[in-house]
Amino acid sequence: MNHPVSNNNQAAGPVMLDVAGTVLDADDIARIRHALTGGVILFARNWQDRAQLVALTTAIHAAKPGVLIAVDHEGGRVQRFRTDGFTALPAMRRLGQLWDLDAQAACRAATDVGFVLAAELRACGVDLSFTPVLDLDHGESGVIGDRAFHRDPAVVTQLAKSLNHGLLLAGMANCGKHFPGHGFVKADSHVAIPVDERAVDAVVTDDAMPYRWLGLSLSGVMPAHVIYPQFDAAPAGFSKKWLSLLRDEMGFEGVIFSDDLSMEGASIAGDVVAGATAALQAGCDMVLICNRPDMADQLLGGLDPALMSLASAARVAALLPAGAAISWQALQTDPRYRSALHTIARLMPV
């Protein structure tokens, strides 16, 4: 590959991509150093053990200081790192079930989960987890399912706010997903293009309410690869109407990430360059391309750098942790961490 290399002090380009394995190869490094790259997302295939993960994140940050390293690490069935000391985290539905018994205990548990989640990732050099899921548990979506806290948007909001507080105590931002709501549709946007036929008022006054209520406590949002034809023909992540509603009507001022452009739900926008262009023009700040290095190369080679505004770059840069992480060794004796582990142990199935 022969890609232009960015100034390392200007790391917040509009593309987040992945890497092939447990160590960086020459192609990985070239992509990370590309002027358009602002983030790297990790998957289970990038994990062997903690020492390897620390070496990998150190190498990524060395290749491009200021690049944002992220992961989907929610708890339950979506948790990329599960061994060598990483705590098994409950599915978010478990916190919703606890809410129905004891709301205050559920809020405390959500904060504990958020703190452990973020502290362990940050100790290994990961900057951001794409959590919390704000989708409502309509009982319809297999791909969301127990990833959702609850059916009630007010409960989702309170538990997400508590989880976000736990993340923040460990120095991590958050990213609510999947705006305006993926919980009602049955289709999985990884392999299909879901369509939610409900009236727009039903979506905005129910599924989307956590985004409005969370306000300044929400630092990132990922729209759904779902079409809501009563409002717009484009999926939410490619819809200026939806993203303008999020920005202008709901007052969201953080980062908007596209969902993965290699997913079937993104195919309606055309090839990966057309998809990324449409997402950025609609109002996304950063686009994701995962599991397809060929498409990542196409995107880096074809995307117009002018599509990322200075405002978007500043928003992405603001997601980087401001303070030093607690080391893994220090974490083991940290009283907040040890207390939170006890809370989590009580949440897990026997």
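All values below were derived from every heavy atom in this structure, side-chain atoms included, with hydrogens, water molecules and symmetry-related copies excluded. These figures come from a predicted structure and were not determined experimentally.
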Participant: Testing Arg77, Arg93, Arg94 for salt bridge (charged side-chain N to carboxylate O under 4.0 Å, His left out) with Asp146, which one passes?
Facilitator: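 Going through the options one by one, the only one that passes is Arg77.
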Participant: Using a strict cut-off of less than 4.0 Å between a Lys/Arg side-chain nitrogen and an Asp/Glu carboxylate oxygen, indicate whether Glu249 and Arg212 qualify as a salt bridge.
Facilitator: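 Yes.
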Participant: Answer yes if the side chains of Asp207 and His138 hold a donor-acceptor pair under 3.5 Å, and no otherwise.
Facilitator: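 On atom types as modelled, these side chains qualify, holding a pair under 3.5 Å.
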Participant: Could you tell me if the side chain of Leu53 sits less than 4.5 Å from the side chain of Gln48, heavy atoms only?
Facilitator: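 A side-chain contact under 4.5 Å is absent here.
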Participant: Looking only at the aromatic ring of each residue, does the gap between the centers of Phe238 and His225 stay below 6.0 angstrom?
Facilitator: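 Yes.
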Participant: ring-ring contact (aromatic ring centres under 6.0 Å, His included) for Trp242 and Tyr228? Distances and angles first, verdict last.
Facilitator: CA-CA 10 Å; Trp242 274 119; Tyr228 307 84; 5.2 Å; yes
Participant: Could you tell me whether the side chains of Asn174 and Ser219 share a donor-acceptor contact shorter than 3.5 Å?
Facilitator: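 Yes.
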Participant: Does anything in residues 200-219 pair up under ring-ring contact (aromatic ring centres under 6.0 Å, His included), and if so which pairs, sequence neighbours excluded?
Facilitator: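 ring-ring contact (aromatic ring centres under 6.0 Å, His included) check on residues 200-219 returns Phe179-Tyr211.
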Participant: Tell me every residue that passes side-chain hydrogen bond (donor to acceptor under 3.5 Å, both in side chains) with Glu74, counting only those two or more places apart in sequence or in another chain.
Facilitator: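 Result, side-chain hydrogen bond (donor to acceptor under 3.5 Å, both in side chains) vs Glu74: Arg147, Lys177.
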Participant: Could you list who else is in Leu310's hydrophobic cluster, with ILVMFWY side chains joined at under 4.5 Å, directly or through other members?
Facilitator: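 Answer for Leu310: none, a lone residue.
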Participant: According to the side chain to side chain donor-acceptor pair (under 3.5 Å) rule, which pairs have a member within residues 159-173, sequence neighbours left out?
Facilitator: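 For residues 159-173, and leaving out neighbouring residues, there are no side chain to side chain donor-acceptor pair (under 3.5 Å) pairs at all.
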Participant: Are Arg336 and Thr111 side-chain neighbours, meaning at least one heavy-atom pair lies under 4.5 Å?
Facilitator: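 No, their side chains stay 4.5 Å or more apart.
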Participant: May I have all residue pairs that pass ring-ring contact (aromatic ring centres under 6.0 Å, His included) and include part of residues 285-341, sequence neighbours excluded?
Facilitator: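 Every ring-ring contact (aromatic ring centres under 6.0 Å, His included) pair that includes a residue of residues 285-341, provided the two are not neighbours, is Phe86-Trp328.
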Participant: For the residue pair Asp100 and His150, confirm or rule out a side-chain donor-acceptor distance under 3.5 Å.
Facilitator: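 Yes.
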Participant: Which residues pass the side-chain hydrogen bond (donor to acceptor under 3.5 Å, both in side chains) test with Arg247, sequence neighbours left out?
Facilitator: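 Only Asp285 meet the side-chain hydrogen bond (donor to acceptor under 3.5 Å, both in side chains) criterion with Arg247.
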